[in-house]
Amino acid sequence: MSDPFFQPVSGFDLPRFAGVPSFMRLPYLPPDHPRVAEVEIGLIGVPWDSGTTNRPGARHGPRALRDASTMIRAVHPVSGVAPFSVCNCADLGDVGPNPADIQDSMARITAFYQAVMARGTRPLTVGGDHLTSLPVLRALAQDGSLGMVHFDAHTDLFHSYFGGTMYTHGTPFRRAIEEGLLDPTRIIQIGIRGTMYDDEDITWGRAQGVTIITVDEMFARGIDDVMAQARSVVGDKPTYCSFDIDFVDPAYAPGTGTPEVGGPTSYQAQQVVRALAGLNIIAADMVEVSPPFDPSGGTAWLGASILFELLCVMAQAPK
Ligand code: MN
Ligand code: MN
């Protein structure tokens, strides 16, 4: 049964351009809200881009996605899934980072997510750059390592940057594997492309057992075949889904820090997420939307649309 309290504001009741924006027009429940323990899927903003090594701006992602996501309606057009009728969903607000201190920010993020997990809420994160995923995974993987379906133009498996800096948005999954948060044999990375520094990240990842699918391989084999492999790699155990908006071609998603041409369309991005339906997706993130690089707002709109796809997949996961 759907609780009226957890329903988004309908565009039939208040125009979509009106009101204070929350994710998908859901109720906003700060941590001390009396009903916060009833939230089953919590949308959380992490406005933080201190891991960015090149073009910044993803710290502005959550606010832009809150605004764009007011366009989202309640029912999925293909599957018919109505996530707000299946689960109590809410906007749990932002984690306040310390923009001048990476370690302090990661500690704040992990602590926030530990409290969310302790309440039995499954988190759907809006970043933030891709380093955001590491402190989130530290909170999620306390009962054992997770699988991951990772959509990205980049592996984010590098050892370090600038001669020994270990925590950047190019290293989160190297650290997550080293820390035992992710089981490398249950990771699949899809969409990898672009010019390379070297092949250290790919070589290391494959040596750990990570399945790495370049965009060339994805287009050659087709989405159905690749996503069938993704389902096989992660199996039915708890799995994280991480979606870097630079997976999508910059023609559709120019508002990101590290765009790579030759990528999937916005429709193909929807297709790959829809193929996760029924998997045991316990949490997901949408990262690297950098609104200052796309004054049209189109990238934020795409990000919000993929966020709804991720929400529908989480709503369909076994409880
Ligand atoms: Mn990434
Ligand atoms: Mn990327």
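We count ligands from 1, going down the list as the structure has it; atoms in each ligand are counted the same way.
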Revision key, fill the gap. In His130, the N/O/S atom nearest the Mn ion (ligand 1) carries the name ND1

Exercise for review: Inspect the contact between Arg66 and Asp91 and indicate whether a charged nitrogen and a carboxylate oxygen are less than 4.0 angstrom apart.
Suggested key: yes

Point to revise | Name, closest N/O/S atom of Asp152 to the Mn ion (ligand 2) | key: OD1

Practice item. Have a look at Asp244 and say which of its N, O or S atoms is nearest the Mn ion (ligand 2). Key: OD2

Exercise for review: May I ask you to check whether over 12 heavy atoms, not counting those of Asp236, lie within 6.0 Å of atom CG?
Suggested key: no

Review point. Angle class for the Phe84/Phe308 ring planes (parallel below 30°, perpendicular above 60°, tilted otherwise)?
Key: tilted

Practice item. Kindly determine whether Arg174 and Glu200 satisfy salt bridge (Lys or Arg N to Asp or Glu O under 4.0 Å), including the steps that lead there. Key: CA-CA 11 Å; Arg174 182 80 160 244; Glu200 195 268 347; 2.8 Å; yes

Point to revise | Taking every non-hydrogen atom, the tightest pair across Leu311 and Met24 | key: CD2-SD, 3.7 Å

Exercise for review: Starting from the Mn ion (ligand 1), look over the N/O/S atoms of Asp156 and name the nearest one.
Suggested key: OD2

Exercise for review: Kindly report the OD1-the Mn ion (ligand 2)-ND1 angle for Asp246 and His154 respectively, rounded to 10°.
Suggested key: 100°

